[in-house]
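Below you'll find the structure, written out as structure tokens, and then a few comments.
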Amino acid sequence: MTNNKPAILDGEKVRTQPFPARITMGKEELEEVSKVINSDVLSAFLGGPGAFFHGGKYVKAFEKKWAEKYGFKHAISVNSWTNGLITAVGAVGIEPGDEVICSPYTMSASATCAFFYGGIPVFADVDPATYCLSAETIEAKITPRTKAIIVVHLFGGCADMAPIMELAEKHNIKVIEDAAQSPGVHYQGKPVGAIGHIGGFSLNYHKHIHTGEGGMLVTNDDDMAMRARLIRNHGENSIEAYKIKNISNVIGANHRLTELQAAIGIHQLDRLENYLTQRQKLATYLSKRLNTLPGIDATQNYVGEHAFYVYPIKYDAKKVGLSRNLFLKAVSAEFPVPENFEGTVITEGYVKPLYLNQVYQQQIAIGEKGFPFNYNPEVTYDYSKGSCPVTEDLYEHTLLLSPMVREPLTIADMEDIFKGFEKVIHNAALIQEQLGHKNDESVVFNPVMAHAEVSDKAKL
Ligand SMILES: *Cc1c(COP(=O)(O)O)cnc(C)c1O
């Protein structure tokens with residue numbers, strides 16, 4: 001092979017053409033949005049009881065379509081999934097001092113949502129196979145104050161829900177599913193999102209399907225659905241009209257999706273299955289190829305379906321002979337500099353374990369006095385480093401992620417990615433010899449920030 005010198009040592013790149021960009025909007029969305037604009041009704045919600053308490057015709061149609069497609073009893077749109085999580089926390093009845101068991105390995109809102117009702121996030125470790133909470137890790141954190149568990153279906157996979165639901169029932173704990181990254185995924189034949197009491201999906205730009213910003217709450221519980229609708233839309237005004245007996249937690253906010261977004265969402269939903277099929281096909285191929293390389297474990301060890309929001313890989317630095325960070329830089333150098341988030345080839349670490357954030361380190365969330373951490377005076381909360389060792393290990397050592405397993409990429413693109421990995425691994429000793437001594441490992445790549453960092457740091 002003539003082109004075998006690694007690009008990081010000034011050889012030729014495996015590939016010079018950028019990977020195809022993700023195109024999310026089509027003519028269907030455009031035509032539907034035009035209709036909304038021509039109607040002039042960009043949102044039809046009114047903040048009191050009546051026909052428009054539940055929104056306008058597009059919002060209602062989008063919710064109905066989502067609910068029917070997956071067999072959820074209720075689908076309730078919201079203007080972000082962060083607000084959806086806050087709504088879910090309110091709807092399950094969290095109140096000050098309640099403990100909410102959370103994953104530390106997720107987007108920050110999956111835990112901070114508890115604070116909005118005075119709940120205290122208590123972190124349980126993840127299972128290294130699923131990257132999600134498990135019944136065992138949860139059980140170790142249950143106390144008499146535990147009121148809810150927020151299970152995150154990370155990366156597009158899903159948590160092993162059956163034992164989690166069994167445990168939750170035994171202790172009378174509510175289960176909220178953060179399925180932001182796993183729309184359309186099934187676990188034991190059931191769609192994730194409402195296997196627990198309430199849950200839902202994000203519709204932000206980076207997710208499989210999107211409305212710019214947005215989210216969809218789902219539940220099979222009528223009471224919880226009504227409470228969620230009240231929280232979404234100034235519930236305090238509707239207590240009498242809807243004969244709400246338990247009026248706790250129904251003071252509302254404005255978490256309403258617009259008609260414009262709903263019009264887009266209706267057509268986005270039609271695209272989801274195709275995306276999942278394509279991503280699964282690419283992932284199957286890529287895993288088969290990458291698993292032939294030493295030090296790379298791309299087995300997707302999940303318990304249900306997988307949506308491949310990102311594609312996790314376990315990396316063994318000793319076997320390869322390169323630190324994860326240097327490996328990442330060397331592989332990145334084999335490809336054109338990505339122009340946007342969607343073009344990032346590989347990243348490392350995902351997010352810092354959430355309890356290491358200042359909110360938990362200083363135990364300051366609402367106001368200056370330490371609420372809600374100080375609500376139960378007999379209890380102290382421990383957010384110290386080392387508290388979730390599996391999560392810390394995944395973050396620091398073993399994990400690489402790629403958002404490249406996505407439409408409209410092809411098997412040929414996957415083969416290029418494989419070739420980049422293969423070339424770096426075959427040349428690991430040479431790269432280590434020339435660059436190992438000056439590699440700065442202090443920066444852990446974050447996929448959200450990675451586009452800037454990859455271009456700055458792909459070359460040492
Ligand atoms: C994207 C995401 C969220 C937040 O969703 P937004 O719609 O951006 O507010 C929450 N949890 C997880 C796991 C996510 O990936």
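Note that these values count all heavy atoms, side chains included, but never hydrogens, waters or copies made by symmetry. None of these values were measured; they are calculated from a predicted model.
- A donor-acceptor pair under 3.5 Å links the side-chain atoms of Lys65 to the main chain of Ile266, judged by distance alone.
- The aromatic ring centres of Tyr375 and Tyr381 sit 6.0 Å or more apart.
- The closest side-chain heavy-atom distance from Phe115 to Phe371 is not below 4.5 Å.
- Between Tyr355 and Tyr105, the ring centre distance reaches or exceeds 6.0 Å.
- For Ile366, the CD1 atom counts as densely surrounded, since its 6.0 Å shell holds more than 12 non-hydrogen atoms of other residues, nucleotides or ligands.
- Taking 4.5 Å as the limit, every side-chain heavy atom of Val151 sits out of range of all side-chain heavy atoms of Ile176.
- Of the inter-residue distances, the one linking Leu217 atom CG with Phe201 atom CZ reads 10.0 Å to the nearest 0.5 angstrom.
- Annotation: cation-pi pair Arg232/Phe53 absent, no NZ/CZ under 6.0 Å from the ring centroid and within 45° of its normal.
- When only modelled atom types and interatomic distance are considered, His153 and Glu177 share a side-chain donor-acceptor pair under 3.5 Å.
- Within a 6.0 Å radius of CG in Asn172, no more than 12 heavy atoms belonging to other residues, nucleotides or ligands are found.
- Ser182 places a side-chain N or O within 3.5 Å of a backbone atom of Gly157 that can act as its donor or acceptor partner.
- Nearest approach of Ala111 to Leu354, heavy atoms of both residues: CB-CD1, 4.0 Å.
- Within the 4.5 Å cutoff, the side chain of Leu286 has no heavy atoms near those of the Phe308 side chain.
- Scanning all heavy atoms of the two residues, the minimum distance from Ile209 to Leu203 falls at O-CD2, 3.6 Å.
- A 4.5 Å side-chain heavy-atom check between Tyr70 and Val218 finds every atom pair outside the cut-off.
- Interatomic distance, CG of Asn83 versus CD of Glu213, reported as 10.0 Å (0.5 Å rounding).
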Assess the residue pair Val390 and Asp127 against the criterion (side-chain contact (heavy atoms from CB on, under 4.5 Å)); give the C-alpha distance rounded to whole Å, side-chain angles, the decisive distance to 0.1 Å, and a yes or no. CA-CA 7 Å; Val390 175; Asp127 177 310; over 6 Å; no
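- Under the 3.5 Å distance criterion, with hydrogens and angles disregarded, a donor-acceptor pair is assigned to the side chains of Asn233 and Arg256.
- Gln268 contributes no side-chain N or O that, together with a main-chain N or O of Met25, makes up a donor-acceptor pair within less than 3.5 Å.
- Not less than 6.0 angstrom separates the ring centroid of His208 from the ring centroid of Tyr275.
- Judged purely by atom type and a 3.5 angstrom limit, Ser287 has no side-chain atom pairing as donor or acceptor with the backbone of Thr284.
- Donor-acceptor pairing under 3.5 Å is recorded for the side chains of Asp222 and His74.
- What you find for Ala114 and Ile94 is that their closest heavy atoms are O-CG2, 4.5 Å.
- The backbone N or O of Val379 sits nowhere less than 3.5 Å from a side-chain atom of Asn376 that would complete a donor-acceptor pair.
- A salt bridge links Lys385 to Glu392: one of the charged nitrogens lies within less than 4.0 Å of a carboxylate oxygen.
- In this structure, Glu99 contributes its side chain and Lys147 its backbone to no donor-acceptor pair below 3.5 Å.
- Using modelled atom types, one finds no donor on one side chain facing an acceptor on the other under 3.5 Å when comparing His197 with Thr219.
- How far OG1 of Thr211 is from CD1 of Ile264: 7.0 Å, rounded to the nearest 0.5 Å.
- Judged purely by distance below 3.5 Å, without hydrogens or angles, the side chains of Gln261 and Thr258 pair a donor atom with an acceptor atom.
- Using a 3.5 Å distance cut-off with no hydrogens or angles, the side chains of Asn325 and Glu348 do pair a donor with an acceptor.
- For the 3.5 Å distance criterion, the side chains of Glu32 and His267 qualify, holding a donor opposite an acceptor.
- Proximity of a side-chain donor or acceptor of Lys314 to a complementary backbone N or O of Pro128 within less than 3.5 Å is detected.
- Between Lys64 and Lys69, the closest side-chain pair of non-hydrogen atoms is not below 4.5 Å.
- Annotation: the span from Tyr315 atom OH to His397 atom NE2 amounts to 13.0 Å, rounded to 0.5 Å.
- With no hydrogens or angles considered, no side-chain donor-acceptor pair links Thr137 and Asp125 at under 3.5 Å.
- Within 6.0 Å of CD1 on Ile251 lie no more than 12 heavy atoms contributed by other residues, nucleotides or ligands.
- Smallest separation of non-hydrogen atoms from Val59 and Ser77: CG1-OG, 3.6 Å.
- Atoms CE and OG1, on Met161 and Thr130 in that order, are 11.5 Å from each other to the nearest 0.5 Å.
- Shown here is Lys281, whose NZ atom has no more than 12 heavy atoms of other residues, nucleotides or ligands within 6.0 Å.
- Using a 3.5 Å distance cut-off with no hydrogens or angles, the side chains of Thr410 and Asp413 do pair a donor with an acceptor.
- Checked by atom type, the side-chain pair Tyr58/Glu63 shows no donor-acceptor distance below 3.5 Å.
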Going through the checks in order, is the side-chain contact (heavy atoms from CB on, under 4.5 Å) test met by Val152 and Tyr131? CA-CA 9 Å; Val152 182; Tyr131 306 93; over 6 Å; no
For side-chain contact (heavy atoms from CB on, under 4.5 Å), just list the numbers for Leu409 and Leu282, CA-CA rounded to whole Å, side-chain angles, deciding distance to a tenth of an Å, and then say yes or no. CA-CA 8 Å; Leu409 273 63; Leu282 298 176; 4.3 Å; yes
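- For the pair Asp178 and Ala180, the tightest heavy-atom approach, listed with the atom from each and the gap, is OD1-N, 3.1 Å.
- Glu28 has a carboxylate O that lies under 4.0 Å from a charged side-chain N of Arg271, or vice versa, which qualifies the two as a salt bridge.
- Rounding to the nearest 0.5 Å places OG1 of Thr398 at 4.5 Å from CG of Asp393.
- Heavy-atom neighbours of Tyr285 OH from other residues, nucleotides or ligands within 6.0 Å: above the threshold of 12.
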Would His210 and Thr24 satisfy side chain to side chain donor-acceptor pair (under 3.5 Å), going step by step from the backbone distance to the final call? CA-CA 8 Å; His210 76 97; Thr24 62; 2.9 Å; yes
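- A donor-acceptor pair under 3.5 Å links the side-chain atoms of His186 to the main chain of Gly184, judged by distance alone.
- By the 6.0 Å contact criterion, CD on Glu368 is open, its count of non-hydrogen atoms from other residues, nucleotides or ligands being 12 or less.
- Taking the six-membered ring for Trp, Phe155 and Tyr350 have ring centres closer than 6.0 Å.
- Environment of CD in Glu166: sparse, with no more than 12 heavy atoms of neighbouring residues, nucleotides or ligands closer than 6.0 Å.
- Of the possible polar contacts, none joining the Thr106 side chain to the Ser103 backbone as a donor-acceptor pair under 3.5 Å is found.
- Taking a 6.0 Å sphere around CD of Glu136, one finds it holds 12 or fewer heavy atoms contributed by other residues, nucleotides or ligands.
- Looking at every heavy atom in both residues, Pro121 comes nearest to Cys102 through CB-SG, 3.9 Å.
- In this structure, the side chain of Glu259 engages the main chain of Lys57 through a donor-acceptor pair within 3.5 Å.
- Taking a cutoff of 4.0 Å between a charged side-chain nitrogen and a carboxylate oxygen, Lys35 and Glu31 do not qualify as a salt bridge.
- Counting heavy atoms from C-beta outward, Ile149 and Leu133 have side chains that approach closer than 4.5 Å.
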